[in-house]
Structures are given as structure tokens and as C-alpha cells.
Enquirer: 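To start, I am sharing the structure in question, which I have written as C-alpha cells.
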Amino acid sequence: NAGVTQTPKFRILKIGQSMTLQCAQDMNHNYMYWYRQDPGMGLKLIYYSVGAGITDKGEVPNGYNVSRSTTEDFPLRLELAAPSQTSVYFCASSYEARTSGFREQYFGPGTRLTVT
Amino acid sequence: GQSLEQPSEVTAVEGAIVQINCTYQTSGFYGLSWYQQHDGGAPTFLSYNALDGLEETGRFSSFLSRSDSYGYLLLQELQMKDSASYFCAVSNQGGKLIFGQGTELSVKP
């Protein structure tokens, strides 16, 4: 199993450009998440999905959009990139544990994005 | 709202024991998780507590007190490779994780 994969690894965008960060998992997890991590900080949840066709906002959704058409893929779209979106973006997935709420999240290697 | 507090950095020597504390304020609390992150790489799961008490996994243990909204991660027999950032995170009914800002652990020889 490849686990959680993300592309690209690095990207430099100009202000106002758009791009899609790709995320895929091969563990048949229902739950998928997008986080951003600024230097020296924790991870902030951008969007998450509990299954194909279902998405919801996290803590910092402004400036981003997501879709979930399949169980495997969860792309993150940046429209009109701004310098404030310079960050490292991590995708994660997890299975559902109905009783304990325990959902170990498996993270991808991250995409390092710079907006100038 | 939801918030977590943990120390920003901790230093310890090889072979020692170190404890990283985490206090939280949240609604709909299900459990407290701990993640390790080396040099900005992918965070990896260490442990999870849903109930009060201590969970032990090898050299790492994690503790939770739900009444005090408090938990800690205990690392024993510290090794140089344990130098990393450690994050506590609370999970709620929606399956979301809210992360603390992380504790950078430096292990000295």
C-alpha cells in the first residue's frame, strides 16, 4: 500500500494564480482531511470529508475549495492565491471508529507552497 | 471555541524521562491523541486516550484526566532520534482533530 500520497511536493505560485493540490489514499478510508501548517505552528484543519460526496469546513476554509467524488481522492483547490496561503499542506485519512471516536489519522508527505 | 495549550519547547538529556503536558478546552470531547513530527515531515500517530488513565506503548506513555481537561505524554529512556515536535490533539464527534501548537523536544547527548 502506498498510504496517503500528495502531489506536487513543492510549488511556487504568483499572487492571483490558482492550483489544485492532489491527495489520494489506497486504504479505503472514509474520512479524509486537509490541513495547513505554518512555520512553528500546529496543524489547522481546512476541510474534511466523511465520505464520497460529503465535505465540510474546518477551522480555516476561506480561500479554498474541495470536492470528493471518489473514496480515494480528495483534491484541494486554491483560487486566487494570496501570500497568506504560503504554508505546508498536509492531507490525511482515517477509518471510522463508531464507538470510541478513535480515528488514527495517516498523513501524506505534504506539499510546500509559496505564494509570491 | 476549542483550544489546547502545551509548552513550546522542552530539553532533556539522552536516557532521561520527559513529560509533555497538554490542557484543553473543547466541546464534544471524545479523546486526546498525540502525534510526532520530525523536521516538518508527515506527522505520525503515537497514542490515544479516550478514558482516564495511563496508556503505555513501549517507551511512550500517555495519560488523560477528563475531569481536569488535562493529559500528558511521557517519553522514557530518551534517544537522540526522539528529538522532534510533539502535538496533542482533541477529537470530537465529527471525527475532526484540533491540534495544539506543538512542543519541540530537543534531546542532548
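Predicted, not measured: the structure shown is a model, and the values here were computed from it. Lettering of chains follows the sequences in order, A, B, ..., and the numbering in each one begins at 1.
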Enquirer: Does a sphere of radius 6.0 Å around CD in A:Glu79 hold more than 12 heavy atoms from other residues, nucleotides or ligands, not counting ones at 6.0 Å or beyond?
Expert: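 For A:Glu79, atom CD is crowded (more than 12 foreign heavy atoms under 6.0 Å).
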Enquirer: Name the member of B:Gly102, B:Gly41, B:Pro43 that forms the most heavy-atom pairs with chain A at distances under 4.5 Å.
Expert: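 Of the candidates given, the most pairs with chain A belong to B:Pro43.
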Enquirer: In terms of heavy-atom proximity below 4.5 Å to chain A, should B:Glu104 be classed as side chain, backbone, both, or neither?
Expert: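 Neither part; nothing is under 4.5 Å.
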Enquirer: Going from OG on B:Ser8 to CE on A:Met41, what distance comes out if it is rounded to the nearest 0.5 angstrom?
Expert: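 Spacing of OG (B:Ser8) from CE (A:Met41) equals 11.5 Å.
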Enquirer: Answer with side chain, backbone, both or neither: which region of A:Tyr106 has an atom nearer than 4.5 Å to a non-hydrogen atom of chain B?
Expert: neither
Enquirer: Please classify the contact of A:Leu45 with chain B as side chain, backbone, both or neither, using a heavy-atom distance under 4.5 Å.
Expert: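 Side chain only.
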Enquirer: Do B:Leu74 and B:Phe63 share a hydrophobic cluster (ILVMFWY, side-chain heavy atoms under 4.5 Å, transitive)?
Expert: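 Yes, because B:Leu74 and B:Phe63 connect within a single hydrophobic cluster, where side-chain heavy atoms sit under 4.5 Å apart.
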Enquirer: Just give me the residue among A:Gln6, A:Lys44, A:Arg112 that pairs up with chain B most often, heavy atom to heavy atom, under 4.5 Å.
Expert: A:Arg112
Enquirer: Considering residues, nucleotides and ligands other than B:Gln79, do more than 12 of their heavy atoms fall under 6.0 Å from its CD?
Expert: yes
Enquirer: Crowded around B:Glu5 CD? As in, over 12 foreign heavy atoms under 6.0 Å?
Expert: no
Enquirer: Any side-chain heavy atom of B:Phe99 within less than 4.5 Å of one from A:Glu59?
Expert: no
Enquirer: If you draw a 6.0 Å radius around CG in B:Leu54, do more than 12 non-hydrogen atoms from other residues or ligands fall strictly inside?
Expert: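 Yes, the 6.0 Å shell around CG holds more than 12 heavy atoms from other groups.
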Enquirer: Does any heavy atom of chain A fall under 4.5 Å from the side chain of B:Leu97, the backbone, both, or neither of them?
Expert: both
Enquirer: If two hydrophobic side chains count as joined below 4.5 Å and joins carry through other members, does B:Leu73 share a cluster with B:Tyr24?
Expert: yes
Enquirer: To check you understand the geometry: which heavy-atom pair defines the closest contact between B:Ala42 and A:Pro109, and what is its length?
Expert: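 Shortest heavy-atom contact: CB-CA, 4.3 Å.
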Enquirer: Examine A:Tyr64 and A:Tyr48 and state if one hydrophobic cluster contains both, with Ile, Leu, Val, Met, Phe, Trp and Tyr joined whenever side-chain heavy atoms are less than 4.5 Å apart.
Expert: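 A:Tyr64 and A:Tyr48: separate clusters.
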Enquirer: Starting from A:Leu21, can I reach A:Tyr47 by hopping between I/L/V/M/F/W/Y residues whose side chains sit under 4.5 Å apart?
Expert: yes
Enquirer: Are any non-hydrogen side-chain atoms of B:Lys96 and A:Tyr31 less than 4.5 angstrom apart?
Expert: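 No - every pair of side-chain heavy atoms lies 4.5 Å or more apart.
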Enquirer: Would you sort out whether A:Phe90 and B:Gln37 count as a side-chain contact (heavy atoms from CB on, under 4.5 Å), showing the intermediate values?
Expert: CA-CA 12 Å; A:Phe90 288 101; B:Gln37 185 182 38; 3.6 Å; yes
Enquirer: Hey, is CG on B:Asp68 packed in by over 12 heavy atoms from elsewhere, all under 6.0 Å?
Expert: yes
Enquirer: Quick one: CD on B:Gln101 to CG on A:Asp38, what's the gap to the nearest 0.5 Å?
Expert: 10.0 Å
Enquirer: If you measure from CZ on B:Phe45 to CD on A:Gln105, what distance do you get to the nearest 0.5 Å?
Expert: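 These two atoms lie 10.5 Å from each other.
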